[in-house]
Amino acid sequence: MPELPEVETLRRDLDREVVGRKIKTVEVSGNRAIRRHRNKRQFISRLEGQKLTTVRRRGKYLVFEVGDEDLLVVHLGMSGQLLKLGTKEPKIPHTHVVITFTQGGQLRFVDPRTFGEMFVTPKETFASDVPEIGELGFDALDDVMSWTDFGELLRGRKGKLKALLMDQKIIAGLGNIYSDEILFTAGLRHERSADSLSTQEVRRLYRALSETLQDALKHRGSTLGDEQYRDLFGEPGEYQNEHKVYGQEGEACRRCRSPVKRAKWQGRSTFFCEQCQV
DNA sequence: ACGCCCGCCTGTAAGC
DNA sequence: TGCTTACAGGCGGGCG
């Protein structure tokens, strides 16, 4: 599912709704959601009785502080949801983890495709336990960067532009939707070589990156036709209505009215305008 | 060392 | 109508 705007929307609501609560009980079903622990009990016992004190985001990862010593890491994969629900509300299919708070209410992890995961790791060994978070590139929303520094990031990279945007080690948080939207706004083709951009194009790309993400965040992210992304309250986002190219195959380009194209690129769909993106 | 493709899963929709 | 195939917001591993 979720890319940076969706995860950040969730983080902000979690900060208000869940942070500060004390965990009473944790239930885990199935074996896929909790993969990095020797067994489920270990995961459960490190959470029960502890308080969630903060929630941060790194790229598409959510990281809660749990008590003084531990971190709870959540990655939603393609179809993961975190939902805040009342204790008595019916369990929806594919609910893998249910955290019940002493103050009442539950945080539930629902994930049909099971690419997402949750785990607890001590703060002390976080860096070695979760190297992928340490290796994340600059955060497309949180990290302030001049466009000249951004240009430095692109320099000498022969890879294709879209691959670079989606490489979490270079820019953290972008996936298939926002890469396409950003490239359209910047007027650049996905298969352009990253180091072929003029100064002006670098500036356009950086501006498109910031603007697109800010705008998507303002609209609480994108919920596509399959409804997989839902916020903490189960509500869809609204940014899908603003998509300029993603999922718009055959529709008139907003800028030049020629039909939006869809291509298979690196195994996934890419949407773009042949006229406006060069 | 890199770029690309596949598999991991389940659900849905399109195609035959 | 019903079976089969393709495809979906991510990511890591393995291949050439």
Side-chain angles (χ1 to χ4, degrees), chain A residues 1-11 29-36 57-62 73-82 92-96 109-119 129-137 140-141 156-183 190-195 212-213 215-217 219-231 235-250 262-271:
Chain A
M1 83 146 191
E3 303 179 35
L4 196 153
E6 292 78 29
V7 180
E8 178 61 18
T9 299
L10 203 47
R11 190 202 66 77
S29 37
N31 295 312
R32 286 205 31 101
I34 313 300
R35 294 193 284 254
R36 304 198 192 196
R57 182 187 56 76
R58 281 294 287 137
K60 300 173 198 170
Y61 293 83
L62 288 166
V73 180
V74 183
H75 194 289
L76 299 167
M78 288 280 258
S79 59
Q81 303 177 359
L82 285 177
I92 60 176
H94 307 293
T95 298
H96 306 303
F109 178 60
V110 177
D111 185 15
R113 290 176 70 184
T114 70
F115 294 163
E117 61 169 335
M118 294 176 95
F119 55 91
D129 288 349
V130 200
E132 57 267 46
I133 292 185
E135 288 167 9
L136 289 171
L141 203 60
R157 303 210 187 249
K158 298 200 197 313
K160 309 290 183 175
L161 212 40
K162 183 168 174 179
L164 180 139
L165 291 179
M166 289 181 54
D167 185 340
Q168 304 300 303
K169 294 188 169 85
I170 301 172
I171 304 171
L174 301 182
N176 207 35
I177 293 180
Y178 294 105
S179 298
D180 281 4
E181 291 298 312
I182 289 165
L183 287 168
H190 53 97
E191 62 229 323
R192 274 285 288 280
S193 163
D195 66 359
T212 301
L213 294 176
D215 207 24
L217 186 57
H219 289 84
R220 300 182 63 78
S222 305
T223 298
L224 300 186
D226 61 10
E227 304 275 307
Q228 298 254 34
Y229 169 68
R230 293 291 174 140
D231 69 15
E235 297 296 325
E238 287 172 358
Y239 192 67
Q240 64 280 3
N241 305 320
E242 314 297 320
H243 287 179
K244 299 182 180 85
V245 285
Y246 190 89
Q248 308 298 305
E249 183 185 14
R262 175 191 194 138
K264 195 90 178 162
W265 190 73
Q266 291 197 1
R268 354 188 33 177
S269 290
T270 286
F271 299 88

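Nothing here was measured: the structure is a model prediction, and the numbers come from that model.
Side-chain nitrogen and oxygen atoms of A:H94 include at least one within less than 4.0 Å of the OP1 or OP2 phosphate oxygen of B:dG11. In this structure, A:K264 reaches the C:dA8 phosphate: one of its side-chain N or O atoms is under 4.0 Å from OP1 or OP2. Contact check, A:R35 against B:dC8: no side-chain N or O comes under 4.0 Å of OP1 or OP2. Contact annotation: A:K60 side-chain N/O to C:dG10 OP1/OP2 distance is under 4.0 Å. Between C:dG10 and A:S79, no contact under 4.0 Å exists linking OP1 or OP2 to a side-chain N or O. Within the 4.0 Å cut-off from OP1 or OP2 of B:dG3, not a single side-chain nitrogen or oxygen of A:Q266 is found. OP1 or OP2 of C:dC11 lies within a sub-4.0 Å distance of a side-chain N or O belonging to A:H75.
Taking atom CD1 on A:I92 and atom C1' on B:dG11, their separation rounds to 14 Å, with Å as the unit. Going from atom CZ of A:R268 over to atom C1' of C:dC11 covers 9 Å, rounded to whole Å. Going from atom CD of A:E117 over to atom P of B:dC9 covers 13 Å, rounded to whole Å. Distance, A:D226 CG to B:dA14 P: 13 Å, rounded to whole Å.
Contact of A:R113 with C:dA8 (side chain to base): a donor-acceptor pair of N or O atoms is detected under 3.5 Å.
Ring-base stacking between A:F115 and B:dC8 is satisfied, the centre separation being under 5.5 Å and the plane angle under 30°.
For the P atom pair drawn from C:dC3 and B:dC9, the interatomic distance equals 25 Å after rounding to whole Å. Annotation: C:dT5 and B:dG7 have their P atoms spaced 15 Å apart (nearest Å). Nucleotides C:dT1 and B:dT10 place their P atoms 27 Å apart, quoted to the nearest Å.
Scanning DNA chain B for stems, defined as runs of 3 or more consecutive Watson-Crick or G-U wobble pairs whose donor-acceptor distances all fall under 3.5 Å, gives the following ranges: B:2-8 with C:10-16, B:10-16 with C:2-8.
A side-chain hydrogen bond (donor to acceptor under 3.5 Å, both in side chains) with A:E117 holds for exactly one of A:H75, A:R36, A:H96; it is A:R36.
Remark: side-chain polar atoms of A:S179 are not paired, donor with acceptor, to backbone N or O of A:L165 under 3.5 angstrom.
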